[in-house]
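The next block holds one structure in the form of structure tokens; read it before the comments.
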Amino acid sequence: MSDEETKPSDFIREAVAEDLKSGRFNYVRTRLPPEPNGYLHIGHVKAFMIDYLIAKENNGELILRFDDTNPAKEETEFVDAIEDDARWLGIQWGKVTYASDYFDELYEWARKLVLMGKAYVDDQTPEEVSANRGTLTTSGKNSPYRDRDVKENIDLLERMKQGEFPDGSRILRAKIDMGHPNINMRDPAMYRIIHQPHHRTGDKWKIYPMYDWTHGQNDSMEGITHSLCSLEYENHRPLYEWFPEQLGVFKPRQIEFARLNLSYTLMSKRKLRRLVEEKVVKGWDDPRMPTLRAMRRRGYTAEAILDFINRVGVAKNYSVSDVALLESCVREDLNKKSLRRMAVLNPLKVVIDNYPEGQIEEMDAVNNPEDPTAGIRKIPFSKVLYIEQEDFREIPPPKYYRLFPGNEVRLRYAYFIKCMHVVKNENGEVTEVHATYDPSTRGGDSLDGRKVKSTIHWVSADHANEAEIRMYDRLFTKEDPEEGDEGFLSCINPNSLVVTTGYTEPSLVSPEVGSRYQFERQGYFCVDPDSSLNRPVFNLTVNLKDAWAKIEKKVK
RNA sequence: UGGGGCAUGGUGCAAUGGCAGCACACCAGCCUUUGGAGCUGUGGAUCUUGGUUCGAAUCCAGGUGCCCCAGCCA
């Protein structure tokens, strides 16, 4: 296998290679630019991996730079969480910086622009600024303050900085062209007045730089060669390039790609916040959320997430990836790694009539058929068992070959059993299944070559341990939760969380929080921090493919 | 009646003028002590019209559709 062949390529990697070849840059340096105003979600992972891998593949550097230019929205808590999540993904960066590290230098650069006559203080109200910006199809109007002289501008800017003026009373604007067809070039704001403490600079500043003024200049100051961002910044590129051009400083290259969208998933921080605030979910780390904290809690591995991101690829097409692909990646990874265990989620009592009262046998069970080195374990077998309610039907539908009266199935790693009769309650519901076992099939193999069509899982009732099982499904019922007029809150899946009490084999009495198992024939489960002594809580990470569900649906 | 961008199976991504391919999903079969996993196979796509060319998904022209932009958010 050669690295040359397996190395992914896309239009960004090609552009970077071209820049190196042409000599536009002789090194590669990228940056991760999160705003510390919320938790990372899977959409960020795509952007992060592009930055990280492109730096890595080119023996370049990666800087983690927090874009903290708006004190009203940002908090240290998020800085820590973002670093933690990024590290969990395995991303490595050279150093951590903050936009706020550069506030002084940025201010000097702004003064320089004012001195050059390329920026001015505007006294218009926000409403006037907006009204005079024009529309998409009509030109804007120059501010009456646009031709203020340099001295006055310098003085006013300094006084803005000193906190002499109230919020919203003035802004510093770049002097470009109010008639520009690209609205971002119609004298964009560089500084606004905000009398609020900043999570890092405290109350030193009363003015804060805007994204457009900050980001590109930070890139330049840090010697970033490639500033990779999502498509919505395409319209900002002319401005991104205008500033360093005027200042005569290092000019990084901005390249845009399509952000990640996922079916049945919301990616906007604002809307995710509503889910938390309106208690649709229990918090940012609720396993149904697309945040990394939630996915970690749910049991997704970093490897699976990274594999997914890699398979999705990089392009400029607006696209919505299928959440089924993510789930497939999670299954593939977990299938190789997870220890198998037996757990009954919705118990139905089975009594083996011909099994000696009080007898207990230890059955050998394989820990992971995909990994022989995982070894085997012992599971106790006795006269009274629990099986899954779904694994018994009094009247079997077509193609059903699990347990039903008269049918024989295999209890995994134990015996063949045959259903003889059932016991019902006053409502006519089956409460107990009676069966006989064939002692010659111990371990699950018949001596006479007799075949059964089904193998079902079980636990010994006396030895089983109670556990809380949290079964998760998609949060939304629509592929695009935002489709239609009713909004995403109108298509919440009422069954996105179903909690049951299940029974596990005794080896799972107190599993380590965060450990992952495959419950045979059901899915992958991860031990939740809510677990208490002898009463673990298991989160469904992802279910196993359910062939019977498909058949049943088709037969109907 | 502006500017910027994008159109390839159901979904996502390749093919860089030379046999339209990969993954997921789907369907059929094989195998199976998980109706799991695995294996094999089938079907299905170049937005449209015209042009250049021996040859076009790719180049050119027109059309159509979708996305982004009028924060003192990022």
Side-chain angles (χ1 to χ4, degrees), chain A residues 8-10 14 33-35 37 67 69-70 72-74 122 124-126 129-131 133-140 167-173 180-186 188-194 207-208 210-212 214-215 229-238 256 258 260 263 269-270 308 311-329 331-332 335-336 340 342 365-366 369-370 399-402 410-414 416 441 443-445 452-457 479 518-523 543-552:
Chain A
S9 193
D10 52 66
E14 281 167 14
E35 183 188 12
N37 69 342
D67 226 331
T69 59
N70 188 344
K73 294 167 64 179
E74 297 144 8
D122 193 346
Q124 292 182 106
T125 65
V129 169
S130 175
R133 184 157 18 236
T135 71
L136 295 177
T137 52
T138 60
S139 169
D167 287 13
S169 59
R170 279 171 234 258
I171 51 172
L172 182 72
R173 291 231 254 174
H180 200 106
N182 180 341
I183 292 189
N184 293 122
M185 299 296 273
R186 318 240 261 230
M190 294 168 63
Y191 278 98
R192 75 291 214 190
I193 301 170
I194 302 177
I207 58 173
Y208 290 91
M210 299 286 293
Y211 165 84
D212 280 310
T214 311
H215 199 95
C229 59
S230 52
L231 246 29
E232 66 261 38
Y233 292 101
E234 241 167 350
N235 297 329
H236 293 249
R237 194 181 340 123
E256 311 84 9
L260 178 73
S263 58
K269 272 187 205 169
R270 217 189 79 241
F308 166 71
R311 291 203 220 183
V312 159
V314 181
K316 291 194 78 161
N317 270 348
Y318 171 87
S319 61
V320 181
S321 294
D322 193 343
V323 71
L325 177 61
L326 207 210
E327 292 168 347
S328 165
C329 292
R331 277 191 203 100
E332 188 180 308
N335 177 46
K336 290 180 295 199
R340 313 293 134 121
M342 293 209 281
V366 174
E370 303 290 318
K399 302 248 175 112
Y400 185 90
Y401 28 83
R402 276 116 95 146
R410 172 167 39 233
L411 292 176
R412 185 132 160 105
Y413 301 126
F416 283 14
T441 57
D445 281 312
V452 289
K453 291 188 91 171
S454 181
T455 301
I456 64 176
H457 61 276
E479 215 174 295
Q518 184 201 95
F519 289 171
E520 296 218 21
R521 303 204 305 132
Q522 319 248 29
N543 61 310
L544 250 23
K545 279 197 242 171
D546 188 351
W548 163 242
K550 226 177 248 181
I551 295 164
E552 190 179 29

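The analysis underlying the following values was restricted to heavy atoms, covering all of them including side chains, and did not include hydrogens, waters or symmetry mates. In the text below, chain A, chain B and the rest are named by the order of the sequence lines, each starting its count at 1.
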Polar side-chain contact A/Y233-B/A74 base: donor and acceptor under 3.5 Å: yes
A/R521 vs B/U32: side-chain N/O to OP1/OP2 distance below 4.0 Å: no
Separation between the C1' atoms of B/C69 and B/A14, rounded to whole Å: 31 Å
5'-most by nearest nucleotide on RNA chain B - A/R237 or A/E479: A/R237
Sidechain-backbone polar pair: A/D10 side chain, A/A315 backbone, donor-acceptor under 3.5 Å: no
A/E552 side chain vs A/W548 backbone, donor-acceptor pair below 3.5 Å: no
Whole angstrom value for the distance that separates P of B/A23 from CG of A/L326: 19 Å
Whether A/T441 side chain and A/F416 backbone form a donor-acceptor pair below 3.5 Å: yes
Sugar-phosphate only, base, or nothing, as touched by A/R412 at under 4.0 Å among non-hydrogen atoms: base
Sugar-phosphate only, base, or nothing, as touched by A/R311 at under 4.0 Å among non-hydrogen atoms: sugar-phosphate
Touch class at under 4.0 angstrom, heavy-atom based, for A/V314 against every strand present: sugar-phosphate
Sugar-phosphate, base or nothing in reach of A/Y401, heavy atoms under 4.0 Å: base
Separation of atom CD in A/E232 from atom C1' in B/C73, rounded to whole Å: 12 Å
B/A45 to B/U11 separation - C1' atoms, rounded to the nearest Å: 12 Å
Where A/P238 and A/N235 come nearest, the two heavy atoms and their spacing: CD-O, 3.6 Å
Sugar-phosphate only, base, or nothing, as touched by A/S263 at under 4.0 Å among non-hydrogen atoms: nothing
Test item: A/R186 side-chain N/O and A/R133 main-chain N/O as donor-acceptor pair under 3.5 Å: yes
B/C26 OP1/OP2 closer than 4.0 Å to side-chain N/O of A/K550: yes
Anti versus syn assignment for B/G71, with syn defined as within 90° of 0: syn
Contact under 4.0 Å: A/S130 side-chain N or O vs B/G71 OP1/OP2: yes
Between B/A28 (P) and A/I551 (CD1): distance, integer Å: 9 Å
Sugar-phosphate only, base, or nothing, as touched by A/E370 at under 4.0 Å among non-hydrogen atoms: base
Opposite nucleotide pairing with B/U40, Watson-Crick or G-U, both atom distances under 3.5 Å: B/A28
Assigned partner base of B/U8, Watson-Crick or wobble definition, under 3.5 Å: none
Length of the NE2-C1' vector between A/H180 and B/C69, whole Å: 12 Å
Atom-pair distance (CG on A/N235; P on B/C68), nearest Å: 11 Å
Distance-only donor-acceptor test, A/Q522 side-chain atoms vs B/U34 base atoms, 3.5 Å: no
Touch class at under 4.0 angstrom, heavy-atom based, for A/E256 against every strand present: nothing
Sugar-phosphate, base or nothing in reach of A/R402, heavy atoms under 4.0 Å: base
Sugar-phosphate, base or nothing in reach of A/V320, heavy atoms under 4.0 Å: sugar-phosphate
Euclidean distance for P, B/C26 against B/G10 (whole angstrom): 15 Å
Atom pair distance, as rounded to whole Å: NE2 in A/H236 and P in B/C69: 8 Å
Touch class at under 4.0 angstrom, heavy-atom based, for A/T135 against every strand present: base
Nearest-angstrom distance, C1' atom, B/G71 to B/U52: 48 Å
Backbone of A/Y208 reached by a side-chain donor or acceptor of A/R192 within 3.5 Å: yes
Interatomic distance, A/N70 CG vs B/G71 P [rounded to whole Å]: 16 Å
P-based separation of B/G63 from B/G4 [nearest Å]: 15 Å
B/G9 and B/G21, which share atom name P, separated by this distance in whole Å: 15 Å
Presence of A/N317 side-chain N/O under 4.0 Å of B/U8 phosphate oxygens OP1/OP2: yes
Criterion salt bridge (charged side-chain N to carboxylate O under 4.0 Å, His left out) on A/E234 and A/K316, from CA distance to verdict: CA-CA 11 Å; A/E234 241 167 350; A/K316 291 194 78 161; 2.6 Å; yes
Touch class at under 4.0 angstrom, heavy-atom based, for A/S230 against every strand present: nothing
Pairwise P distance, B/U58 and B/G17 [rounded to whole Å]: 12 Å
Of A/A547 and A/G168, the one whose closest RNA chain B nucleotide lies more 5': A/A547
Phosphate-side-chain proximity, A/R192 and B/A74, N/O vs OP1/OP2 below 4.0 Å: yes
Sugar-phosphate only, base, or nothing, as touched by A/Y191 at under 4.0 Å among non-hydrogen atoms: nothing
Below 4.0 Å: OP1/OP2 of B/A25 and any side-chain N or O of A/K545: yes
For atom CZ of A/R270 and atom P of B/C73, their distance in whole Å: 15 Å
P gap between B/G51 and B/C13, integer Å: 32 Å
Sugar-phosphate only, base, or nothing, as touched by A/E35 at under 4.0 Å among non-hydrogen atoms: sugar-phosphate
Sugar-phosphate, base or nothing in reach of A/P238, heavy atoms under 4.0 Å: nothing
Side-chain N,O (A/T214) to OP1/OP2 (B/A74) below 4.0 Å: no
Of A/R521, A/R410, A/R412, the residue whose pairing with A/I456 passes side-chain contact (heavy atoms from CB on, under 4.5 Å): A/R521
